[in-house]
Amino acid sequence: MKMLKFLLLLIALVGHVSFAETVYVATNGSNGAVGSLDAPWGSVQYALDQVAAGDTVFVRGGVYSERVVFNQSGVSLKAYDGESAVLDGSSFVVSDGWDALLDLNGQDD
């Protein structure tokens, strides 16, 4: 009977555990893909909108002309090993003179 209670408790605890996910973005990716290394997403912002705290977004080498806003805390954004990823805001028009290319406002970690 003790073993049965232990197993039920273990099943209940495992049901609440979440595992960190690793996803990928590449300049030749598509936001209709699954975000894997073989089928990466096409934009950094799209990836950040899909992940949860504890997840990591690896950005493959290339230039990304987009503004990036972190909508939640605890997400890691990293360049893929050995590659250089660049966020380029040179084509953006800023109407009020103050707009961040990378917005972390209100987020922790």
Side-chain angles (χ1 to χ4, degrees):
M1 188 63 152
K2 287 183 181 180
M3 183 61 136
L4 179 59
K5 287 181 182 178
F6 174 75
L7 288 174
L8 290 174
L9 178 63
L10 184 62
I11 291 169
L13 290 175
V14 170
H16 296 314
V17 174
S18 63
F19 297 96
E21 186 175 2
T22 300
V23 297
Y24 300 86
V25 175
T27 56
N28 64 348
S30 166
N31 291 343
V34 295
S36 67
L37 183 58
D38 294 329
W41 286 322
S43 80
V44 176
Q45 186 62 57
Y46 182 83
L48 289 175
D49 290 342
Q50 306 310 308
V51 297
D55 292 348
T56 301
V57 177
F58 279 105
V59 183
R60 301 295 308 262
V63 177
Y64 298 83
S65 295
E66 58 182 294
R67 181 172 185 262
V68 174
V69 178
F70 278 77
N71 295 310
Q72 59 193 333
S73 300
V75 174
S76 295
L77 181 65
K78 299 180 178 184
Y80 189 76
D81 290 341
E83 297 182 9
S84 295
V86 176
L87 289 176
D88 179 9
S90 64
S91 64
F92 297 154
V93 175
V94 180
S95 59
D96 63 2
W98 297 95
D99 204 3
L101 181 60
L102 180 64
D103 186 347
L104 304 170
N105 191 27
Q107 305 308 319
D108 298 325
D109 305 332

Are [Y] and [X] co-members of a hydrophobic cluster defined by side-chain heavy atoms under 4.5 Å apart?
X	Y	value
Tyr80	Leu77	no
Phe92	Leu104	yes
Val44	Val86	no

Indicate the atoms forming the closest heavy-atom contact of [X] with [Y], along with that distance.
X	Y	answer
Gln72	Leu48	NE2-O, 3.7 Å
Ala20	Gly54	CB-O, 3.1 Å
Val23	Val51	CG2-CG1, 3.7 Å
Asp55	Ala52	OD2-N, 2.8 Å
Ala85	Arg60	CB-O, 3.7 Å

Next item on the list: Starting at CD of Glu66, measure out to CG of Leu102 and round the result to the nearest 0.5 Å.
Entry: 10.5 Å

Note to self: Apply side-chain contact (heavy atoms from CB on, under 4.5 Å) to residues Val25 and Val57 and explain how you reach the verdict.
What the structure shows: CA-CA 7 Å; Val25 175; Val57 177; 3.8 Å; yes

What pairs with [X] under ring-ring contact (aromatic ring centres under 6.0 Å, His included), at least two apart in sequence or on another chain?
X	answer
Tyr64	none
Phe58	Tyr24
Phe70	none

Note to self: So if I apply the side-chain contact (heavy atoms from CB on, under 4.5 Å) rule between Ser43 and each of Val59, Asn31, Val68, which one comes out positive?
What the structure shows: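 Output: one option passes, namely Asn31.
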
Margin query: Taking Ala33's backbone N and O only, do any of them form a donor-acceptor pair with Trp41's side chain (distance below 3.5 Å, no angle check)?
Written below: yes

Item checked: Contacts of Ser76 that satisfy side chain to side chain contact (heavy atoms under 4.5 Å, CB included) - sequence neighbours left out -> Thr56, Lys78

Next item on the list: Under the side chain to side chain contact (heavy atoms under 4.5 Å, CB included) rule, collect the residues that match up with Ser36, sequence neighbours excluded.
Entry: Val34, Asp38, Ala39

Next item on the list: Apply side-chain hydrogen bond (donor to acceptor under 3.5 Å, both in side chains) to Asp49 and list each qualifying residue two or more places apart in sequence or on a separate chain.
Entry: Gln45, Asn71

